[in-house]
Amino acid sequence: QVQLVESGGGLVQAGGSLRLSCAASGRTISSYVMGWFRQAPGKDREFVAAISWSAARTYYTDSVKGRFTISRDNAKNTEYLQMNSLKPEDTAVYYCAAAQKLDTGEASYDYWGQGTQVTVSS
C-alpha cells in the first residue's frame, strides 16, 4: 500500500505560482509512475501531468504545457508540481496518484491522495 498526502495548495492571484508536493509513505515510489490530476467544481477529474519512474519521461495535458512542471525525488519519496503563470481556469482540487504504468487515464492509477485545493483569483 502507498499512502499519498498532498500539500502546497492555496489562494493565488492570476499570473502567480504555487508548488504542490505529494509525500508518499508505506512503500517507495521509485517503482511507480506518479501523476497529478485535478477536478474543478462541476467537472470530471482530468489528467494534468505524469512522470516516469526515473523521471526520464513526462507528459502534460495541453492546457498546462509550458506553465507546469512535474518532478520527483525518489530519495525523498516525494513528487512535485510547479505551477507558474496560473490562470483562474486552473482552479481545482489537485490530486496526486501512483500507477504501475505511464498513462493519462485515471483508471490506471492505483493510489490517490486526498487532494489539495488550488484557487486562482482573477
Side-chain angles (χ1 to χ4, degrees):
Q1 288 282 355
V2 178
Q3 291 79 45
L4 302 172
V5 179
E6 303 94 337
S7 61
L11 174 64
V12 63
Q13 288 188 331
S17 298
L18 282 174
R19 188 194 195 201
L20 305 184
S21 298
C22 174
S25 61
R27 299 180 73 173
T28 176
I29 66 169
S30 60
S31 58
Y32 290 94
V33 167
M34 300 300 295
W36 287 96
F37 289 76
R38 66 186 180 186
Q39 187 168 23
K43 295 186 177 181
D44 293 335
R45 189 156 57 184
E46 65 172 353
F47 169 80
V48 176
I51 187 167
S52 64
W53 303 268
S54 64
R57 289 186 292 165
T58 56
Y59 291 94
Y60 298 92
T61 192
D62 287 345
S63 62
V64 308
K65 285 180 181 177
R67 300 188 298 122
F68 290 11
T69 302
I70 189 171
S71 62
R72 65 191 296 161
D73 186 337
N74 289 340
K76 294 183 178 180
N77 232 26
T78 302
E79 72 156 340
Y80 305 95
L81 186 68
Q82 178 67 44
M83 305 185 295
N84 299 328
S85 303
L86 282 161
K87 304 175 181 180
E89 51 264 44
D90 294 319
T91 295
V93 177
Y94 283 72
Y95 300 87
C96 69
Q100 298 283 356
K101 64 176 183 178
L102 192 56
D103 201 315
T104 61
E106 62 176 277
S108 294
Y109 289 78
D110 303 307
Y111 303 103
W112 293 84
Q114 83 290 348
T116 186
Q117 177 70 47
V118 171
T119 303
V120 184
S121 63
S122 57

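Positions are given from 1 along the sequence.
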Point-to-point distance, once rounded to the nearest 0.5 Å, from CD of Q114 to CD of Q3: 12.0 Å
Nearest atoms (heavy-atom pairs only) where K101 meets S108: CE-OG, 3.3 Å
Separation of Q1 CD from D110 CG (nearest 0.5 Å): 9.5 Å
E6 side chain vs G115 backbone, donor-acceptor pair below 3.5 Å: yes
CD1-CE distance between I29 and M34, expressed to the nearest 0.5 angstrom: 5.0 Å
Selection residues 15-122 - residue pairs positive for disulfide bond (SG atoms under 2.5 Å apart), sequence neighbours left out: C22-C96
Polar contact flag, side-chain donor to acceptor under 3.5 angstrom, R27-Y111: no
Taking every non-hydrogen atom, the tightest pair across E79 and I70: OE1-CD1, 3.6 Å
Closest contact, heavy atoms only, A40 versus A92: N-CB, 3.8 Å
Which atom of S31 lies closest to which atom of T28, heavy atoms considered: OG-O, 3.9 Å
Other cluster members, L11 - Ile/Leu/Val/Met/Phe/Trp/Tyr, side-chain contacts below 4.5 Å: none
L86 side chain reached by F68 side chain, heavy atoms, under 4.5 Å: yes
Spatial distance of atom CZ (R19) from atom OH (Y80) [nearest 0.5 Å]: 5.0 Å
R67 CZ to Y60 OH distance, which is reported to the nearest 0.5 Å: 12.0 Å
Connected hydrophobic set around Y95, excluding itself, where side chains approach under 4.5 Å: V33, F37, F47, W53, Y59, V93, L102, Y109, W112
Gap between atom CG of D90 and atom OG1 of T119 - 0.5 Å precision: 11.0 Å
Minimal non-hydrogen separation, G8 against L18, with atom names: O-CD2, 3.8 Å
Shortest non-hydrogen separation from S85 to S17 and the atoms involved: N-OG, 4.3 Å
Check ion pair K65-D62 (N to O, under 4.0 angstrom): yes
Any donor-acceptor pair under 3.5 Å from D73 side chain to T78 backbone: no
Check: L81 and R38 side chains under 4.5 Å, non-hydrogen atoms: no
